[in-house]
Amino acid sequence: QVQVVESGGRLVQPGGSLRLSCAASGSIFSIDATGWYRQAPGMQRDLVATITSRGSTNYEDSVKGRFTISRDNTKNTVYLQMNSLKPEDTSVYYCNVRARTTYYNPINDYWGQGTQVTVSS
């Protein structure tokens, strides 16, 4: 079993900054990639940023230059640094971990329950 827990979401003013954390734990043999996604009410879940096991990153166009994804392999933790926040960034942010539980098992996606980020005056 793999457990994924996000933290750090809160109310922040436009132009402010926030750092989200995602900690993975449990029977993890290896992690192929991790990423952040967001889903506003009534909307689909969209990619925000991803980082692979080799350190390659990818960002959704609207967050490029403002958000930075990073990881700490020792802690099995991934971070999302969010700067210059806009009201349209308001959403529930979800962490995705693509991992194997053993060498013999296939890669599966594991999701956290989300953390609310609200950007408003």
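Computed from heavy atoms alone, side chains included, the values below leave out hydrogens, waters and symmetry copies. What you see is a predicted model, and the numbers here were worked out from it, not measured in a lab.
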Straight-line distance of [X] [atom1] to [Y] [atom2], nearest 0.5 Å:
{"X": "Arg98", "Y": "Thr52", "atom1": "CZ", "atom2": "OG1", "answer": "11.5 Å"}
{"X": "Glu60", "Y": "Leu47", "atom1": "CD", "atom2": "CG", "answer": "7.0 Å"}
{"X": "Arg54", "Y": "Thr57", "atom1": "CZ", "atom2": "OG1", "answer": "14.0 Å"}
{"X": "Tyr79", "Y": "Thr68", "atom1": "OH", "atom2": "OG1", "answer": "14.5 Å"}
{"X": "Thr50", "Y": "Asn58", "atom1": "OG1", "atom2": "CG", "answer": "4.5 Å"}
{"X": "Ile69", "Y": "Ile51", "atom1": "CD1", "atom2": "CD1", "answer": "5.5 Å"}

Minimum heavy-atom distance Val78-Ser70, with the two atoms named: CG2-O, 3.0 Å
Heavy-atom pair with the smallest gap, counting every atom of Thr118 and Gln116: OG1-NE2, 3.3 Å
Quick one: does [X]'s side chain have a donor or acceptor within less than 3.5 Å of a partner on [Y]'s backbone?
{"X": "Ser17", "Y": "Asn83", "value": "no"}
{"X": "Arg100", "Y": "Asn105", "value": "yes"}
{"X": "Glu6", "Y": "Gln113", "value": "yes"}

Single-linkage hydrophobic cluster, 4.5 Å side-chain cutoff, [X] and [Y] together:
{"X": "Val97", "Y": "Ile28", "answer": "yes"}
{"X": "Tyr59", "Y": "Tyr94", "answer": "no"}
{"X": "Leu85", "Y": "Leu80", "answer": "yes"}
{"X": "Trp36", "Y": "Ile31", "answer": "no"}

Lys86 and Asp89 ion-paired at < 4.0 Å: no
Does [atom1] belonging to [X] count more than 12 external heavy atoms closer than 6.0 Å?
{"X": "Gln81", "atom1": "CD", "value": "yes"}
{"X": "Lys64", "atom1": "NZ", "value": "yes"}
{"X": "Gln1", "atom1": "CD", "value": "no"}

Pair Thr102-Ser27, side chain to side chain contact (heavy atoms under 4.5 Å, CB included): steps then yes or no: CA-CA 8 Å; Thr102 73; Ser27 302; over 6 Å; no
Sub-4.5 Å side-chain heavy-atom contact between Cys22 and Val4: yes
Residue pair Arg38 / Val63, side-chain heavy-atom distance below 4.5 Å: yes
Cation-pi check, Arg45 onto Tyr37 ring (under 6.0 Å, within 45° of axis): no
Parallel, tilted or perpendicular: ring planes of Phe67 versus Tyr93, cut at 30 and 60 degrees: tilted
Worked check of side chain to side chain contact (heavy atoms under 4.5 Å, CB included) between Phe29 and Thr101: CA-CA 5 Å; Phe29 175 77; Thr101 54; 5.8 Å; no
